[in-house]
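Have a look at the structure below, then the notes.
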Amino acid sequence: MSKYKSEFLNVLTERGFIHQMSDAQGLDALFAKETVSAYIGFDPTAPSLHAGSLIQIMMLSWMQKTGHKPVALMGGGTGMVGDPSFKDEARKLMTADTIASNLAGIKRIFSKYITFGDGKTDGVMVNNADWLLPLNYLEFLRDVGQYFSVNRMLSFESVKQRLDREQSLSFLEFNYMILQAYDFVELNKRYGVRLQMGGSDQWGNIINGIDLGHRMATPQLYALTSPLLTTSSGGKMGKTAQGAVWLNAEALPAYDYWQYWRNTEDADVGRFLKLYTFLPMDEIARLEALGGAEINEAKKILATEVTRLCHGDDAAKAAEETARTVFEQGGAGGDLPVVTIPQAELEAGIALIDLLVRVSFASSKGEARRLIQSGGAYVNDAKIEGDTHKCTAGDLGANGAIKISSGKKKHALVRPA
RNA sequence: GGAGGGAUGGCGGAGCGGUCAAUCGCACCAGACUGUAAAUCUGGCGUCUUCGGACUACGAAGGUUCAAAUCCUUCUCCCUCCA
């Protein structure tokens with residue numbers, strides 16, 4: 001009944017990872033026959049990856065689970081160029097130092113999802129700076145550049161809109177796709193990589209690599225892209241108004257990460273369970289079928305599972321427990337953000353307005369004032385009216401802290417120090 | 001090098017001498033309804049404030065004027081076309 005012979009493609013298909021593939025039959029046969037190496041490239045534009053990259057990480061993880069070899073390519077070299085695909089304007093150039101420190105942060109994330117090592121199906125992490133930096137310009141132009149037609153490159157959808165909008169595309173950026181194509185060929189030579197995966201915006205870049213492979217006589221290469229993920233209401237995956245949903249605990253605490261997933265829209269629950277957890281499909285089908293308020297149970301499971309993968313079992317349980325206390329019992333869980341203030345300040349009485357700013361629920365006193373005026377400020381779960389309210393040591397609860405809330409979802413604890 | 005066009009709040013985009021802290025849309029925040037969902041509706045959305053106002057802002061620096069985001073000069077940056 002399965003559509004494919006290979007477990008890998010079946011899993012990816014039924015879980016919704018696949019947007020496009022080049023030569024599905026050929027790829028299927030390859031996966032069914034041998035241990036395949038496939039890679040996905042990641043740009044070191046930030047010290048952590050965010051939830052938008054999670055789908056790619058999950059694909060690599062599934063590679064490993066189904067007996068193949070995932071290769072995570074760090075774009076240390078291409079990061080110095082910047083991918084212009086579907087971007088409105090040139091990215092600011094990053095220095096080599098920034099790239100190096102970003103890479104270090106990103107590596108830690110991968111080790112949570114993939115086992116690295118020297119075994120047959122162990123993951124490998126490589127940096128394209130290793131082969132891109134030593135390139136000799138003229139040699140490269142003659143060996144690789146000769147195979148690229150500018151006419152064709154200009155026709156790619158990924159740069160077309162940029163050109164149509166009459167925004168400049170620098171020569172530097174234009175080279176990005178050549179370098180990425182070269183990466184594919186180079187990875188084939190070094191690690192026998194046959195498949196490149198990526199987001200659907202990478203399709204053009206990947207195809208370029210396949211073409212270059214033909215011309216440079218590699219074995220047949222393949223492309224597989226994942227859908228560009230948006231939430232049902234059109235938001236970009238992994239982005240909130242507060243910023244990206246980072247995967248590093250230093251950049252985003254596990255509790256906040258858990259909350260992000262807990263607040264998934266109803267319509268997305270099933271899709272996300274398939275993509276972002278390893279729960280079996282029949283279990284997901286059951287959860288997905290929950291209607292009305294019951295779907296909240298599915299959201300909690302989603303949040304806990306996803307958090308477990310990224311931050312570990314303990315952190316996931318702690319986040320879940322805190323959420324239960326805070327939202328279902330109106331208490332104050334231990335995993336809430338804690339802000340400390342000097343004991344003396346508290347005894348003298350500190351204005352709620354100032355506290356709201358301290359815990360970052362308001363970015364200015366005026367904003368804090370407005371929050372109170374609109375009825376969204378709470379101290380120990382009691383709504384505060386009047387923007388002159390002061391908090392004192394008397395507000396300290398049994399846990400030795402004051403619970404401050406903005407609206408019904410954002411909570412923080414203030415502790416004297 | 002030459003000729004044009006442009007730079008406004010997180011983004012898009014009005015305004016083109018006073019009534020401009022700046023229409024409007026998006027985004028965002030809070031409230032109502034709910035299920036920590038979506039949709040919808042309401043209010044808010046520069047900083048400070050003794051709530052009277054004060055201050056800072058329309059690329060930068062000068063100037064004209066009682067008064068400038070709006071006019072003039074210079075500069076910086078971006079885009080287009082020509083060479």
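Everything numeric here is computed off the predicted structure, so don't read it as measured data. The chains referred to below are lettered A, B, ... by the order of the sequence lines, with proteins before strands, and numbering in each begins at 1.
Comparing the P positions of G17(B) and C28(B) gives a spacing of 36 Å, expressed to the nearest Å. A14(B) and U65(B) have their P atoms separated by 32 Å, with the value rounded to a whole Å. Comparing the C1' positions of A21(B) and A54(B) gives an interatomic distance of 13 Å, to the nearest angstrom. Rounded to whole Å, the separation between the P atoms of U8(B) and A60(B) comes to 10 Å. As rounded to the nearest Å, C24(B) and U73(B) have C1' atoms that lie 34 Å from one another. Rounded to whole Å, the separation between the P atoms of G4(B) and A22(B) comes to 37 Å. Atom C1' of U70(B) sits at a distance of 5 Å from the matching atom of C16(B), rounded to the whole Å. Going from the C1' atom of U56(B) to that of U49(B) covers 14 Å, rounded to whole Å.
Side-chain atoms of Q180(A) and Q196(A) include a donor-acceptor pair closer than 3.5 Å. Defined by atom type and a distance below 3.5 Å, a donor-acceptor pair is present between the side-chain atoms of D28(A) and S6(A).
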**Study point:** Residue pair V124(A), K69(A): steps toward the side-chain contact (heavy atoms from CB on, under 4.5 Å) verdict
**Key:** CA-CA 8 Å; V124(A) 174; K69(A) 188 178 186 70; 3.6 Å; yes
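Rounded to an integer number of Å, the gap from CD of Q373(A) to P of C29(B) is 19 Å.
Nucleotide G52(B) is matched to nothing when pairs are restricted to Watson-Crick or G-U wobble geometry with both distances under 3.5 angstrom. For G62(B), the paired nucleotide is C72(B), the pair qualifying as Watson-Crick or G-U wobble because both relevant distances are below 3.5 Å. Using the Watson-Crick or G-U wobble rule with both distances under 3.5 Å, G1(B) pairs with C82(B). Across all strands shown, C16(B) has no partner, as no Watson-Crick or G-U wobble contact with both distances under 3.5 Å is found. The pairing partner recorded for C28(B) is G44(B), the criterion being a Watson-Crick or G-U wobble arrangement whose two distances lie under 3.5 angstrom.
Of all the heavy atoms in Y276(A) and L309(A), the pair that sits closest is O-CD1, 3.4 Å.
Using cut-offs of 30° and 60° for the angle between ring planes, the F31(A) and F8(A) rings count as parallel.
Using a 4.0 Å cut-off between charged nitrogen and carboxylate oxygen, D314(A) and K317(A) do not count as a salt-bridge pair. Of the charged side-chain nitrogens involved, at least one lies within less than 4.0 Å of a carboxylate oxygen, so that R286(A) and E283(A) count as a salt-bridged pair.
The shortest distance between the side-chain N/O atoms of S406(A) and the OP1/OP2 oxygens of C29(B) is not below 4.0 Å.
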Check your understanding: For nucleotides 33-48 of chain B, read 5' to 3', which letter fits each nucleotide if B means a protein heavy atom sits under 4.0 Å from the base, S means only the sugar-phosphate is that close, and - means neither?
Key -> --BBBS-----SS-SS
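A syn orientation is assigned to G52(B), its glycosidic angle lying within 90° of 0.
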